Amino acid sequence: MAEAADFQGMSPSPARRWLRRTGTLLAGAPLLAGVLQLPSSPAAHAAQTAAVADATGSGTVDISLDSLTPSAPTEGDTITVSGSVTNKGKQTVTGAHVGLRVGPTLQGRVAIDDAEKRTGFQLGPDPLEVGGKYVEKFSKLAAGVSQHFSISVPVKDLNLDSDGVYQLGVSLTGRTAAQPWDQVLGIKRTFLPWQPASADTKTKTTYLWPLISTVHLRAETGSDAQQTPVFQNDDLAKEISPGGRLDQLLSLGSDLDVTWVLDPDLLASVDAMTRNYQIKNGDTTTAGKNQAVAKAWLDKLEKTVADKEGEVVALPFADPDLASLAHNGKDVTGSLSHLKDATDVASSTVQTILHVKPNTDFAWPAEGAVDPSIVKVATSAGADKVIARSDSLRETGGLTYTPTAARPIGGGTTAVVADSRLSTAFEGDMAKADNSTLAVQEFLAQSLMVDLQEPSKQRSIVVAPQRMPSVSQAQTMATAARALQDGNWSDSQSLSAAAKAKPDPSATTKVPSASSYPSSLRKQELPRSAFEQIRRTQSTLDNFKVILTDKSRVVTPFGRAIDRGMSTSWRGRADQARTFRNGVESYLNDLTGLVRLIDKSDAKLSGRSATIPVTVQNNLVQGVHHLVLRLTSLQPTRLQIGNDAFDERPIQVAGEHSQSVKFTTSAKANGPVTVVAQLFTDDGQAYGPPVKFEVKVTEITPTVMLVIGGGVLLLVLAGFRMYTQRKRAAARQAEEEQENTPDTEGGTEALNGVNTDAQGTVDTTEDTERSKDGPDGESTTESGADDPEHPSDPTPDTAPESTDPSGTGERVDR
């Protein structure tokens, strides 16, 4: 926030001003004496000047402040400052002592910033030592050696007058062989907030306490009925184990008045760990053993938030990266629907696991950085409040104080602007006691200064720290928050209450432009390709789920895995994010491939009609339905499937079973024909790859040709025989008529000369022979209904509706 007016209207008392001036003169006396004693030689003068520069206030001695208690003293307290001094120079320091320097009060928040940045000792800005018995002496401090110190001073001896933020310096004064006079060889500055009595109007402070982690669960689950969850590693168990990061956050936060900000994915992951679970690392899968740890952590969290329904905020599932969505994903089809889905499932997840109803009205972009597109995306899923930060939504109206966090930004949306100085106070390496102590003191100083800016004006301030603080950061945050709650200038309140506070009319409500979004944050965003990959995965899932008899076994784990692919926790870990998304997509493709057509070899079709079997295999543990199998002939003029170019059959296959479907075919001409088998969903979407094979149609086979040829030859031979027999008979008859022509007297003889058999039957061989021919000598034999059928016209072996396996003797050679 702009700190145009950090002026408090306070100044030191006349007595303190006199003491400060006197102290400045006294502190300068040794230096003046040293200057008067400089050697006359130019070389010696240069050498001693360099030595003075190296020693006086230049950090020859390093000072570490390991603790300062109490952090915000009141009347009657005794301040104890502990730490260590380390001689970083090459000369031994003698006659040294460590002392405290308190005052003056600082005028505004910018003054605190400036004092924190100063290095080295300066006679004017740095006050005099408290002195007297409140020092710790060292006879000597050898080069490279460290010494511990601890100084305790009653507050009454610090001459703290008016309320305010005082500078507190810890300095080491000593001598070296090159400069044998007392001089300040090192100093470390911090701040001492002084508000001994309760402020007339206290600042209302909201401290967000985030329970957020990285992605731990894979999309993969076990094939058993319980769908055993599979974790990428066992890191989550380490975080929730005693002393772990999440365990510390929970333990520390349970004693504080804070607003819990939860990622439902974390809760779902820990809940999954309470039952049987597996850990898969590469090709190695092991059984998880931390069920008891997971149950203990969830039980403790449930008890902690049981009576804090208004102080529990649930982010969308897996904490999706709103800025990445706004800048790179919103134009990719379906991306925003994932945010809506993640928001919808957030509340039910928290209620199911913790039995408390969370607030889902808040969206929290990474580091509170906003622009118009981020606000639009953040509120697209139902949230109407956006947690921003004051270094993004900056004050431009020249306010003389830090305004209340809440302010309307249009469209019914409220921006809850967290204070950037307070929110970023603990982002450094808090594992070092010195850094932790200084961070706590600066945090309290800034907080008190907010209240002192406008003592009569009630304001609400929000602190939104880093999403995943380390153990040492969490411990430092807790120390500061506890001191703030025990202080006399601040009261705690929930985030919901802060959002409802009356906005300052002069506070900015203008959302910064997209060009003002920090480039450092933009470089960490998920690329457009990530959202395109997510779209492909979702499309595959949509196509897959329609055929499943138990959709929840697939839709739920993959839906949540897709949400995890958009998590804010992937910032700065682009390679890991890509690996995770690839794993989700690959595993889904493997699952869909378990329902497939069995490859077929080329076939031979002999005859006019036959059946072709096609087998569908389902290796899933659940059944599939709503599938259609289509068999298509690419050359229907040569081979028809059914009565057309293709035919279809509905498919329903039980889990871990196969089904063979038979299609009737009709041959129209000889030759090879390409046939394609393809599965489709009910809505006409192709499912899985097609299976192509070749059918060689041979309607008239060589054997049939030999039979027909033999028959023709027999007919020809029979006709020739009949012709020769008639010709011989005719010749014989003519000869007999010529030889036996009867005369008148021979008529009776001729008649009596006719041959008869023993029974008197007439030999009618010729007539019998003639009776086989028509009047014109043609055959009159007709093809009856009982004549044998044509060899190329067999009845189909298998009825079209049969789903039984092909029988022996079918006219399909596979």
Side-chain angles (χ1 to χ4, degrees), residues 65-82 102 105-106 109 112 152-156 158 160 162-168 190-209 248-260 304 307-308 311 402 405 418-419 421-423 425-426 430 433 435-453 455 458-465 469 472-495 497-498:
L65 300 182
D66 296 339
S67 68
L68 193 162
T69 57
S71 299
T74 58
E75 296 283 0
D77 285 339
T78 295
I79 295 176
T80 300
V81 181
S82 301
V102 180
T105 56
L106 298 171
R109 301 187 74 182
I112 296 177
S152 296
V153 184
V155 170
K156 62 183 179 62
L158 295 179
L160 302 177
S162 58
D163 301 345
V165 176
Y166 289 82
Q167 294 183 75
L168 174 62
T190 187
F191 307 99
L192 190 65
W194 176 244
Q195 180 71 44
S198 180
D200 294 335
T201 303
K202 293 184 178 181
T203 301
K204 292 187 178 297
T205 305
T206 299
Y207 207 115
L208 305 187
W209 203 256
Q248 285 288 292
L249 276 167
L250 177 54
S251 298
L252 294 167
S254 61
D255 296 329
L256 301 172
D257 292 330
V258 295
T259 293
W260 296 87
T304 299
D307 57 345
K308 299 181 179 180
E311 300 173 13
T402 301
D419 186 87
R421 287 186 178 95
L422 299 178
S423 298
F426 309 110
M430 298 295 111
N435 292 347
S436 177
T437 300
L438 296 178
V440 170
Q441 295 307 123
E442 185 173 357
F443 176 88
L444 295 174
Q446 289 286 1
S447 176
L448 175 56
M449 192 65 76
V450 169
D451 191 72
L452 293 173
Q453 286 173 332
Q458 178 71 70
R459 280 161 295 151
S460 295
I461 304 300
V462 173
V463 181
S472 59
Q473 289 172 340
Q475 291 169 341
T476 306
M477 285 165 48
T479 299
R482 190 175 298 109
L484 184 62
Q485 291 172 189
D486 294 340
N488 292 322
W489 66 89
S490 175
D491 284 333
S492 301
Q493 76 171 350
S494 67
L495 182 61

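A quick note: this is a predicted structure, and the numbers were derived from the prediction, not measured.
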Can you find a heavy atom in the side chain of Thr304 that is under 4.5 Å from one in the side chain of Trp260?
-> yes
How would you list, by chain and number, every residue that makes a salt bridge (Lys or Arg N to Asp or Glu O under 4.0 Å) with Asp66, sequence neighbours excluded?
-> none
Rounded to the nearest 0.5 Å, what separation is found between the OG1 atom of Thr206 and the CD atom of Gln493?
-> 4.0 Å
Go through the structure and list residues passing side chain to side chain donor-acceptor pair (under 3.5 Å) with Thr190, not counting sequence neighbours.
-> none
Closest heavy-atom pair and its distance - Phe426, Ala480 = CZ-CB, 3.4 Å
Taken in chain and number order and not counting sequence neighbours, the residues that satisfy side-chain contact (heavy atoms from CB on, under 4.5 Å) with Ser152 are Thr78, Thr80
Ring pair (Phe, Tyr, Trp, His ring centres under 6.0 Å) filter on Phe191, not counting sequence neighbours, yields none
How far does CE of Met449 sit from CG of Leu444, to the nearest 0.5 angstrom?
-> 12.5 Å
Can you sort out the partners of Trp489 under side chain to side chain donor-acceptor pair (under 3.5 Å), two or more places apart, ordered by chain and number?
-> Ser447
pair Pro455-Asp200: side-chain heavy atoms closer than 4.5 Å = no
Given side chains that start at C-beta, do those of Leu484 and Val463 come closer than 4.5 Å, heavy atoms only?
-> no
If we only count heavy atoms from C-beta on, is the Glu311 to Asp257 side-chain gap below 4.5 Å?
-> no
Between Asp163 and Asn488, is any pair of side-chain heavy atoms under 4.5 Å apart?
-> no
Is the shortest side-chain N to carboxylate O distance from Asp419 to Arg109 below 4.0 Å?
-> yes
Side chain to side chain contact (heavy atoms under 4.5 Å, CB included) assessment of Leu192 paired with Ile79 = CA-CA 10 Å; Leu192 190 65; Ile79 295 176; 3.6 Å; yes
Decide yes or no for Tyr207 and Pro465: does some side-chain heavy atom of the first lie under 4.5 Å from some side-chain heavy atom of the second?
-> yes
Measure the CD-CG distance between Gln458 and Asp491 for me, rounded to the nearest 0.5 Å.
-> 8.0 Å
State which residues pass side chain to side chain donor-acceptor pair (under 3.5 Å) with Ser251; sequence neighbours excluded, sorted by chain then number.
-> Lys300
side-chain contact (heavy atoms from CB on, under 4.5 Å) involving Asp77 - partner list, sequence neighbours excluded | Pro70, Pro73, Thr74, Val155
Distance-only polar pair, side chains of Ser436 and Thr476, donor-acceptor under 3.5 Å = yes
Student check: side-chain heavy atoms of Leu168 and Leu65 closer than 4.5 Å = no
Mind checking side chain to side chain donor-acceptor pair (under 3.5 Å) for Glu442 and listing every partner two or more places apart, or none if nothing turns up?
-> none
Would you please name every residue forming a salt bridge (Lys or Arg N to Asp or Glu O under 4.0 Å) with Lys204, sequence neighbours left out?
-> none
Any sub-3.5 Å donor-acceptor pair from Ser71's side-chain atoms to Ala483's backbone N or O?
-> no
Rounded distance (nearest 0.5 Å) linking atom CG of Leu249 with atom CE of Met477 | 6.5 Å
Rounded to the nearest 0.5 Å, how far apart are CD of Gln446 and CG of Asp451?
-> 13.0 Å
Indicate the atoms forming the closest heavy-atom contact of Gly487 with Lys202, along with that distance.
-> O-NZ, 4.5 Å
Ala464: what forms a side-chain contact (heavy atoms from CB on, under 4.5 Å) with it, not counting sequence neighbours?
-> Leu208, Trp364, Ile387, Ala418, Ser423
Hey, mind stepping through Leu452 and Gln195 against side chain to side chain contact (heavy atoms under 4.5 Å, CB included) and telling me if it holds?
-> CA-CA 10 Å; Leu452 293 173; Gln195 180 71 44; 4.1 Å; yes
Side chains of Ser490 and Gln485: closer than 4.5 Å at any heavy-atom pair?
-> no
Sorted by chain and residue number, the side-chain contact (heavy atoms from CB on, under 4.5 Å) partners of Gln248 (sequence neighbours excluded) come out as Leu252, Val471, Gln475
